[in-house]
Amino acid sequence: MKKIILVALLALFFTGLFNLPLHAEEGMFPLSEIHKLDLKAWGFSIGSREMYNPSGVSLIDGIINLGGCTASFVSGDGLILTNYHCAFGAIQAVTTTENDYLRDGFFAADRSAEIPAKRYTVRLIESYRDVSREILTAAKKKMTYAQRSKAIEEKINLMVVAFEKSNPGKRAEVAEMFRGKTYVLFIYNYIKDVRLVYAPPRSIGEFGGEEDNWMWPRHTGDFAFMRAYVAPDGSNAEFAPQNVPFQPKKYLKVAAEGVQNGDFAFILGYPGSTHRHKSSHFIAHEENIRMPFTVDLYRWIIQLKEKMSSGDRGVAIKLSSSLKGLWNTVTRSLGQLKGLKNLHLVEKREKEEESLQQFILANPARQKKYGSLLADLAKVYEEKGKRARRDLTLSSLLSNRISFMLGNAFKICEASYERVKEDTKRESAYMDRNFDRTQKQMTMALRDYHEPTEKALLKEMLRRAAACKGEQAIAGLRDIIAGGDEEKAIDAFLEKAFAETKLKNPEIVSDWLTKTTAQLQAMNDPFVNLAFALYPDHRELKEAEKKEKGVLDPLLAQLVDVRKEFMGRDFIPDANGTLRLTYGRIRGYVPADAVRMEPFTTLNGIVEKHYAHPDLPSYQAPAKLIELAKAKDYGRFAHPELDDVPVAMLYDMDTTGGNSGSPVLNARGELIGLNFDRVFEATINDYAWDESYSRSIGVDIRFILWSLAKFSGADRLLKEMGVQ
Ligand code: ASP
């Protein structure tokens, strides 16, 4: 009997249920909600003011958005800790076959050797306020749906432009919290000089590669260091040698002792997007149409890019960043598709909606207000489904994922139509506040241009686009595929286009981006001509999207309202790239019958994988790491019970893409790890979170410190972080 009790207690301890409260909560709490939470009851030893204090200094002053990822300051001199995969673009951009930083890693000998990461910017939150009322005044009753979306877009643009004009150097963004219902204006400080300080070799930073991505057990040292710089007078400036390290108001204290199984932990970060407040129709569209399309297309692009990369290191470096992104999306989508099926999520939502409809019909006032709500939502997705193949194909064809030539030509053409409009009426990429960035992104992307890859991709994509027939036909392709044999016509177009185009030259791309429609048409560049031919198709698609948003926004706002009534509780808005808090515990899980997952992996786990898979390059750890592990040279970074250095850890928090690089913090708000992924089962939590399967993955701080101390001899950084 005693034994049974002991086993039960151990099981409780294992799953982290031992301490109060019993389990984590779904929730990516916005800043406005933090003061409403009973933080002490959940295990925090800091209060809400220490987390977020608009009139003083608090933890969030140390948390930043770094090009879509999250990161944090870990020293008073602007040292930034984020994921290796978030810094990957910066590492790849400076990697050459001679200086192979991807293969060997990078550690700046001193501050002057820190390398500019040109595509990176830091966003640091300063304040926020609810602007829902002001924004919604833009929507007038007589407007069509598309007019409604445009009016709201313009109102948002006017608001941010006005703010930025009177506050130079600051950045304003309006985030839609609940669709069509609540809007919040966020003010950010914006730092433009970001430099790469330290990256481990890829064989640590991405150990396990695609085999292990979105998986547990995981042994990836997914961390890197960067630094923020400002002009000597403290103002924000582009890279300049005389710039000085930024002095943040707050930086995180490192808790070198790490955590134990069952410990409380929390995350502050910038989760990208979730879809928990949408209807069954949206999820069905995702499951049956969008995700299968993406998986099929990306798998084929991956196959081609991998073939092109093999045996040529130069090409492999060029294609590495995009390959990584493609793989990440494919594996995540496969996890989501599996989860949607296993959990029968669409059917579950449909059942909920049936009960919701009963609830609506049971009361005349409710019936009047919401009676047709669910049927109206169904209609939107029915329409979307009809256009889907063409819309998805056209957007892919015009994207940089397929071709820099056509992708850039298209932006050049679109810019010529947009730039003649009033600034606040333009598509966001062409507004004055974003134009430099758009220009930079387009020209810098050309560094990864590889003609044979691009030719092959474009050929197949044009073939797929030409195969959209009847109502789905893409009219702008008519001239290219004229003459009967489409295949031959496409080949002939591509031969001529790649030979004649001037868009391989970044200076021309930059220059043409500012030309008028007439000037561009006179250039007679084959890719620009094709972009102009496709532009009406694109406009049609854009209008349909705006109409759809105009219809959906009020419907989704109503859905939230009536569900609140029905369920008798409040909701938290879906993730939307704004700062959120989530909390939980270090905790394993049970992914399948008879399978238990422990919450920590170790250095020796790396050694095991290394020897178990001699033929898989992604499991080949650096020889020095293997030696150190074999010699048990752990320094002070071992986990006492594991008698090993913990590498990665699991916890039951609510995270998604964009939370990559978020600091994992202990009850006191000290740094114990770095979030970088979720387990396969948890990919589904973008649609439905559940404490039984939602587990996120972080690098343990002890592995980061151990790598700096033992593997890289980066004592300078340890000292800077106050770890002696
Ligand atoms: N590694 C993930 C990403 O793609 C993080 C996540 O989604 O949990 O950004």
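Order of appearance sets the numbers: ligands from 1, and atoms from 1 within every ligand. Predicted, not measured: the structure shown is a model, and the values here were computed from it.
Across I672, V74, T70, I701, a single residue satisfies side chain to side chain contact (heavy atoms under 4.5 Å, CB included) together with P663, and that is T70. Of the candidates M215, R332, M653, R678 forms a side chain to side chain contact (heavy atoms under 4.5 Å, CB included) with just one, namely R332.
For ligand 1, the atoms sitting less than 4.0 Å from at least one non-hydrogen atom of D677 are 1 (N), 2 (C), 5 (C), 8 (O), numbered in the order shown with element in parentheses. Atoms of ligand 1 found under 4.0 Å from any heavy atom of N328 (numbered from 1 in listed order, with element): 3 (C), 4 (O). Which parts of ligand 1 touch G657 is read off a 4.0 Å heavy-atom cut-off, strictly below it: atoms 6 (C), 7 (O), 9 (O).
Under the 30°/60° scheme for interplanar angles, the aromatic rings of Y198 and F107 are found to stand perpendicular. Aromatic ring pairs are classed by plane angle as parallel below 30°, tilted from 30° to 60° and perpendicular above 60°; the pair F264 and F44 is perpendicular.
Ligand 1 has an N or O atom lying under 3.5 Å from an N or O atom of S660, backbone or side chain. Polar contact check, R678 against ligand 1: a nitrogen or oxygen pair lies under 3.5 Å apart. Residue T655 has no nitrogen or oxygen atom sitting less than 3.5 Å from a nitrogen or oxygen atom of ligand 1, judged on distance alone.
In this model, no donor atom of one side chain and acceptor atom of the other lie less than 3.5 Å apart for H613 and Q620.
A cation-pi geometry, defined here as NZ or CZ lying under 6.0 Å from the six-membered ring centre and within 45° of its normal, does not hold between K338 and F680.
With a 4.0 Å heavy-atom cut-off, ligand 1 is reached by the backbone of F676 but not by any atom from C-beta on.
Taking 4.0 Å as the cut-off, N659 does not count as a neighbour of ligand 1 on heavy-atom distance.
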